[in-house]
Structures are given as C-alpha cells and as structure tokens.
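Notes to accompany the following structure.
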Amino acid sequence: MTMILTVVIIATALAVGLIANQVRRRRRAAEGGDGEEASVSDLVSPLETLAVLLVAFVIVLAAESYGSAGTAVEAEASRVDQLYEVADYAPEPQRERLQAAAVCYARAIRAVEWPLMAEGGEKSPAASVWSSGFRTHFKELAHRDDPTFDLLVEADDERSKARQTRISEDYATDHPGRTLPCDANGARTAALTSR
C-alpha cells in the first residue's frame, strides 16, 4: 500500500512540475521572450524536480525498511518467547536446556549482534551458536517422539526467518523505540527462568 501511494505521489509531483514548467514557458513567450531559446533555468528546473523525486523515493524506501525491521524484531522476540513457553512442556532434561538456550540466544542478540549490526557488521556467531543448540535439543526430542517437537521446530523456523529479515533490513539497534519489544520479551523470559 505504501509503495503504491509513493508512486502515485511521485507521479503527481512530476505532472505538476511539468505543467508548471510549461505554464512558465508560455508566460515567458507571451511577455516577448523567445520561446524557443532555452535558458540555464529551463535545464536546471527539471533536474531539480527529478532530484527531489529521487530523494523522496529514497526516504520512502528507508521508512519501509525501518518498518519491516521493526516488525521482524517483534516477530523474532515473540518466537523466542514462544519457544521458551513451549519448551515448558518438553521432558525435563530438554526443557531446562531449551529454556536456557532461549535466554542465552536473546541475550546474545541484544548484547552482541545488535552492536555488531550498528557498526555495520553481520550476524553474530554467538547467537548462531545458541540457535544451533536449539536444533541439537530438537533431535533428542525427535528420537523420543515428543509431542512438543513439531511446535518447537515451527517456532524455531519462524524465529530464524524473522532474524534473517531483520538482518537483511540492516536494522540499526541503538534506537530505544525499536529495541523495546525485544527488551520486554527478553525481560519476561529472564523472569521466567529465575523462578
């Protein structure tokens, strides 16, 4: 929807600019100037309009990326929280390990990966270690035919997709409004582990 609205606004601005340029040219010709002779302003004016449209387009794309990154952060935090809660129904050795891995993963994202991304880096190997740990515990549950296995795998798959989206949007992490959803879910997860 935002992209369609952007294209419509850009097309409208371009049409208005071209019409205004034609009106100005006709007035100039009516005042006695030679309508065929092009001045520097006649050449610069359309270039200025094009530059403004290009800047507007870049701003809209940046806003869309910002929104997509925020949505991906919320989805990732929600899936980690879901993974933690579903692990509550797993058998005892895997329950504790999965919940600990979920907490450590959330901490690694917040403390290691986001600062790396803010500096222009890539995803953190520390967070990847914990996400690989999820799959190790899933294998143990799969061998037991545990009913929580499918739910945990689905939550982990959605977490992984959300993480990739967040990374692809090159999410800047130092803005407090963006980190609030993940911080809230991380605090909730940490509180659950301390009981």
Side-chain angles (χ1 to χ4, degrees), residues 1-4 60-195:
M1 179 66 181
T2 306
M3 185 61 87
I4 294 171
V60 167
L61 288 178
E64 283 183 4
S65 178
Y66 180 92
S68 296
T71 302
V73 165
E74 290 174 12
E76 183 180 17
S78 175
R79 293 305 162 235
V80 170
D81 186 46
Q82 179 186 8
L83 216 150
Y84 183 91
E85 289 177 4
V86 172
D88 231 2
Y89 299 101
E92 186 46 49
Q94 283 77 33
R95 174 186 313 153
E96 186 176 319
R97 292 177 189 156
L98 281 168
Q99 289 178 332
V103 170
C104 290
Y105 173 82
R107 288 179 181 161
I109 292 295
R110 179 70 173 113
V112 180
E113 187 161 275
W114 286 0
L116 276 176
M117 289 179 70
E119 295 171 5
E122 294 295 320
K123 58 184 176 180
S124 165
S128 297
V129 166
W130 292 110
S131 62
S132 297
F134 293 146
R135 288 182 280 289
T136 302
H137 302 304
F138 293 161
K139 288 177 187 174
E140 295 169 5
L141 290 173
H143 294 307
R144 293 182 175 190
D145 290 329
D146 193 88
T148 60
F149 173 74
D150 291 332
L151 294 171
L152 289 166
V153 168
E154 181 182 341
D156 183 55
D157 185 46
E158 291 173 8
R159 177 212 49 85
S160 180
K161 288 176 185 174
R163 181 180 183 206
Q164 292 305 321
T165 301
R166 175 180 52 82
I167 290 169
S168 71
E169 295 296 336
D170 198 22
Y171 186 74
T173 61
D174 54 353
H175 190 282
R178 290 177 166 185
T179 62
L180 187 61
C182 194
D183 288 346
N185 279 332
R188 181 175 167 213
T189 303
L192 289 173
T193 58
S194 64
R195 55 178 158 117

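All values derive from a computational prediction rather than experimental measurement.
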Can you tell me if Ser65 uses its side chain to pair, donor with acceptor, with the backbone of Leu61 under 3.5 Å? no
Quick one: are Val103 and Trp130 in side-chain contact, heavy atoms under 4.5 Å? no
Point-to-point distance, once rounded to the nearest 0.5 Å, from CG of Asp88 to CG of Leu98: 11.0 Å
Give a yes or no on whether the backbone of Gln164 and the side-chain of Ser168 come within a donor-acceptor separation of less than 3.5 Å. yes
Got a sec: does the CD of Glu96 have more than 12 other heavy atoms crowding it under 6.0 Å? no
Mind checking what makes salt bridge (charged side-chain N to carboxylate O under 4.0 Å, His left out) contact with Glu158, not counting sequence neighbours? Arg79
Distance, nearest 0.5 Å, that separates CD of Glu154 from CZ of Arg159: 13.5 Å
Answer yes or no: is there a donor N or O on one side and an acceptor on the other, between the side chain of Ser68 and the main chain of Glu64, under 3.5 Å? yes
Closest non-hydrogen contact found for Ile109 with Arg163 is CD1-NE, 4.0 Å
Can you check whether Val73 reaches Trp114 side chain to side chain, under 4.5 Å on heavy atoms? yes
Could you measure the distance from the NZ atom of Lys161 to the CG atom of Asp156? Nearest 0.5 Å is fine. 11.0 Å
Give a yes or no answer on whether the side chain of Ser131 reaches the backbone of Ser128 with a donor-acceptor pair at less than 3.5 Å. yes
Tightest non-hydrogen contact, residues Ala108 and Ala126, listed as CB-C, 4.1 Å
Residues passing the salt bridge (charged side-chain N to carboxylate O under 4.0 Å, His left out) test with Asp150, sequence neighbours excluded, are none
Separation between CD (Gln99) and NE2 (His137), nearest 0.5 Å, reads 11.5 Å
My understanding is that only residues two or more places apart in sequence, or in another chain, count here; which of them pass ring pair (Phe, Tyr, Trp, His ring centres under 6.0 Å) with Phe134? Tyr105
Measure across Leu152 and Ala87 and return the closest heavy-atom pair with its distance rounded to 0.1 Å. CD2-N, 3.8 Å
Tightest non-hydrogen contact, residues Ile167 and Glu113, listed as CD1-OE2, 4.0 Å
